[in-house]
S.K.: 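Sharing a structure here in structure tokens format.
We number each residue from 1, following the sequence as shown. Owing to the predicted nature of the structure, the values given are computational and were not obtained by experimental measurement. The figures that follow rest on heavy atoms only: side chains count, while hydrogens, waters and symmetry mates do not.
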Amino acid sequence: MKKSIRKLAAILLAAVFTVYQLPAAVSADATAFHDVAGHWGEAHLVKLIEAGVMIGDGNGKAMPDRELQGSEAAVMLAKIFGIDVLSLDEALTGYFRTGSVVSREEAFVTIRKVFQIPDAPVSFTSAFPDYNNVSWGAEDHLLAMEYAGMISGKNGKIAPKDAVTRAEFAALLSKGIGDFIDKNADFANAEMRNTLIRKPGVTVENLTVEQLTVARGAGSGSILLQNCDIGTLHIGGGGEIHLINTNVTELIVNAPQTGHVRIVIDADSLVERLIQISETTVDGEVFELEDKTGNL
């Protein structure tokens, strides 16, 4: 089981960081789906449907309680991050069989890695009575997810070997993403946990957020962050990132597929630590710079 978890996590992570040729995410009206209203996961389903991440069967059904296939999971992740992919069939060869389904455990491990959910405290123990059924190698991942409030349980259990449903996976993605930012936005000093930018040319103002991701969908375009307070800023896309009167505790640049990234830091901004994993030009000052480009 440990090997299968690693393989699944690898392909879903590849769906996030590899170039696919999927159609761009197109927003949809969630009210057009007849099986969403009143469902326990309605809020999460609506978010993903309206963001163009989750599609239905073409007959007005989102099929929230159907078991999730691995290929569906990969596509949903790719759409979330605004990625185009070269060949979905080629990317999935050797990882997913036709009709294969994703277990809850596999989904938890993958989501934890994709959204970089931090470790649970050493003293934390699971409240689920069937935690001992979790596969070896997945325990720490599930503890992290439980501690972060990402696992609500199934009939009071973690049910790690059960197939994950489309609604359950949608809930995991929704919690991991937080909110999409696809256009210019002024948050009027709102405080948020997670946000994700997946389009180029976006300006974000007055946002306080624990984690902000500029995804691959930003391409080589520019992103402007003004009057923001950011815990961790992940740069996975974008040609130029402009910081104006913005504070960032940790800025991580890992965008090898989108080319060279330029970070412009004005005199009124503060970047405490910058971790450079892919090629980066920095205009402005940072307190601490860690260069990991030689590890690629």
S.K.: Is there a donor-acceptor pair closer than 3.5 Å between any side-chain N or O of Lys79 and the backbone N or O of Ala51?
M.R.: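 Checking the backbone N and O of Ala51 against the side chain of Lys79, no donor-acceptor pair under 3.5 Å is found.
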
S.K.: Check the surroundings of atom CD in Glu191: do more than 12 heavy atoms from other residues, nucleotides or ligands lie under 6.0 Å from it?
M.R.: no

S.K.: Using side-chain heavy atoms (C-beta onward) and a distance below 4.5 Å, is Leu142 in contact with Ser126?
M.R.: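 The answer is no, as the side chains (C-beta and beyond) never meet within the 4.5 Å cut-off.
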
S.K.: Looking at Asp186, is its backbone amide N or carbonyl O close enough to the side chain of Asn206 to form a donor-acceptor pair, meaning the two atoms are under 3.5 Å apart?
M.R.: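 No; judged by distance alone, with no hydrogens or angles, the pair does not exist.
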
S.K.: Within the structure provided, determine whether Phe108 and Glu146 are in side-chain contact (heavy-atom separation under 4.5 Å).
M.R.: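 No, their side chains stay 4.5 Å or more apart.
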
S.K.: Work out which heavy atom in Ala218 is nearest to a heavy atom in Gly237; give both atom names and the distance.
M.R.: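 In terms of heavy atoms, the two residues are closest at CB-C, 4.1 Å.
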
S.K.: Could you state the interatomic distance from CG (Asp291) to OG1 (Thr280), rounded to the nearest 0.5 Å?
M.R.: 8.0 Å

S.K.: Supply the atom-to-atom distance Lys61 NZ to Arg66 CZ, rounded to the nearest 0.5 angstrom.
M.R.: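 Atom-to-atom, Lys61:NZ and Arg66:CZ are 12.0 Å apart.
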
S.K.: Looking only at heavy atoms, which two atoms of Pro118 and Ala144 are closest? And how far apart?
M.R.: O-CB, 3.3 Å

S.K.: Could you check whether any side-chain N or O of Ser269 sits under 3.5 Å from a backbone N or O of Ala267, counting only pairs where one atom can act as donor and the other as acceptor?
M.R.: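 Side chain of Ser269 to backbone of Ala267: no pair is present.
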
S.K.: Looking at every heavy atom in both Gly217 and Pro200, which two are closest together, and how far apart are they?
M.R.: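 So the minimum-distance heavy-atom pair works out to O-CD, 3.6 Å.
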
S.K.: Of all heavy-atom pairs between Leu143 and Phe124, which one has the smallest distance, and what is that distance?
M.R.: O-CE2, 3.7 Å

S.K.: Applying side-chain contact (heavy atoms from CB on, under 4.5 Å), run through Lys161 and Ser135 and close with a yes or a no.
M.R.: CA-CA 9 Å; Lys161 303 302 188 292; Ser135 297; 3.4 Å; yes

S.K.: Tell me which one of Ile241, Leu225, Ile235 satisfies side chain to side chain contact (heavy atoms under 4.5 Å, CB included) with Ile197.
M.R.: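 Result: among Ile241, Leu225, Ile235, Leu225 is the only option passing the side chain to side chain contact (heavy atoms under 4.5 Å, CB included) with Ile197.
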
S.K.: Is any side-chain heavy atom of Val134 closer than 4.5 Å to one of Glu105?
M.R.: yes

S.K.: For residues Leu289 and Ile265: do they belong to one hydrophobic cluster (side chain heavy atoms under 4.5 Å, members Ile, Leu, Val, Met, Phe, Trp, Tyr)?
M.R.: yes

S.K.: Taking the side chain as C-beta and beyond, is there a heavy-atom pair between Val209 and Cys228 under 4.5 Å?
M.R.: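 The answer is no; the side chains never approach within 4.5 Å.
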
S.K.: Does a salt bridge link Asp119 with Arg112, judged by any charged N lying under 4.0 Å from a carboxylate O?
M.R.: yes

S.K.: Closer than 3.5 angstrom, by distance alone: can the side chain of Tyr131 be matched with the main-chain N or O of Glu139 as a donor-acceptor pair?
M.R.: yes

S.K.: Measure the NZ-CD1 distance between Lys157 and Ile151 for me, rounded to the nearest 0.5 Å.
M.R.: 15.5 Å

S.K.: Start with the C-alpha distance between Thr249 and Thr232, add both sets of side-chain angles, then the distance that settles side-chain contact (heavy atoms from CB on, under 4.5 Å), and finish with yes or no.
M.R.: CA-CA 6 Å; Thr249 302; Thr232 301; 6.0 Å; no

S.K.: Do the side chains of Ile181 and Phe187 get nearer than 4.5 Å, heavy atoms only?
M.R.: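 Sidechains of Ile181 and Phe187: in contact.
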
S.K.: Could you tell me whether the side chain of Leu243 reaches within less than 4.5 Å of the side chain of Leu251, counting heavy atoms only?
M.R.: yes

S.K.: Do Val204 and Met192 share a hydrophobic cluster, counting only Ile, Leu, Val, Met, Phe, Trp and Tyr and linking them when any side-chain heavy atoms are less than 4.5 Å apart?
M.R.: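 Result: yes, single cluster for both.
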
S.K.: Would you indicate whether the side-chain heavy atoms of Val271 and Ile263 approach each other to under 4.5 Å?
M.R.: no

S.K.: Please check if the number of heavy atoms outside Ile55 that lie under 6.0 Å from its CD1 is greater than 12.
M.R.: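 Count not over threshold, so no.
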
S.K.: After noting the C-alpha distance and the side-chain angles of Ser222 and His242, does the key distance pass the side chain to side chain donor-acceptor pair (under 3.5 Å) rule?
M.R.: CA-CA 8 Å; Ser222 63; His242 294 259; 5.5 Å; no

S.K.: So do the side chains of Ile177 and Leu48 get within less than 4.5 Å of each other, counting heavy atoms only?
M.R.: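 In short, these two side chains touch, coming nearer than 4.5 Å.
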
S.K.: Around Glu285, counting heavy atoms of other residues, nucleotides and ligands shown, do more than 12 lie under 6.0 Å from its CD?
M.R.: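 No - once you tally the heavy atoms of other residues, nucleotides and ligands closer than 6.0 Å, there are 12 at most.
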
S.K.: Evaluate the side-chain contact (heavy atoms from CB on, under 4.5 Å) criterion for residues Leu68 and Met76: first the C-alpha distance (whole Å), next the side-chain angles of each, then the deciding distance (0.1 Å), finally the verdict.
M.R.: CA-CA 11 Å; Leu68 180 77; Met76 289 170 70; 4.2 Å; yes

S.K.: If every non-hydrogen atom of Gly176 is compared with every non-hydrogen atom of Phe115, which pair is closest and at what distance?
M.R.: O-CD2, 3.5 Å

S.K.: Taking the side chain from Asn254 and the backbone from His234, do they hold a donor-acceptor pair closer than 3.5 Å?
M.R.: no

S.K.: Determine the minimum heavy-atom distance between Phe128 and Gly156, stating which atoms define it.
M.R.: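 Closest pair (atom of Phe128, atom of Gly156, distance): CD2-O, 3.7 Å.
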
S.K.: Quick one: does any side-chain atom of Arg166 pair with a main-chain N or O of Met63 as donor and acceptor, under 3.5 Å?
M.R.: yes

S.K.: When you measure from the side chain of Thr110 to the backbone of Glu106, do you find a donor-acceptor pair of N or O atoms at a distance under 3.5 Å?
M.R.: yes

S.K.: Does Tyr147 share a hydrophobic cluster with Ile111, counting links as ILVMFWY side-chain heavy atoms below 4.5 Å and allowing steps through other members?
M.R.: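 As far as the 4.5 Å side-chain criterion goes, Ile111 and Tyr147 are connected within one cluster.
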
S.K.: Does Ile244 share a hydrophobic cluster with Val286, counting links as ILVMFWY side-chain heavy atoms below 4.5 Å and allowing steps through other members?
M.R.: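 No, it is not one cluster - the side chains of Ile244 and Val286 are not joined through contacts under 4.5 Å.
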
S.K.: Find the distance between CD (Glu205) and CG (Leu224) and round it off to the nearest 0.5 Å.
M.R.: 7.5 Å

S.K.: Determine whether Val214 and Val114 fall in the same hydrophobic cluster, where Ile, Leu, Val, Met, Phe, Trp and Tyr are linked whenever their side-chain heavy atoms lie under 4.5 Å apart.
M.R.: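 The answer is no; the residues belong to distinct hydrophobic clusters.
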
S.K.: With rounding to the nearest 0.5 angstrom, report the NZ to CG distance, Lys199 to Asp182.
M.R.: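 Interatomic distance, Lys199 NZ to Asp182 CG, rounded to 0.5 Å: 4.0 Å.
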
S.K.: Just do the side-chain contact (heavy atoms from CB on, under 4.5 Å) check on Ile80 and Phe180 with the steps written out, would you?
M.R.: CA-CA 9 Å; Ile80 276 177; Phe180 291 108; 4.2 Å; yes

S.K.: To the nearest 0.5 Å, tell me how far Phe169 CZ sits from Gln69 CD.
M.R.: 13.0 Å

S.K.: Do Thr165 side-chain atoms and Asp65 backbone N/O form a donor-acceptor pair below 3.5 Å?
M.R.: no

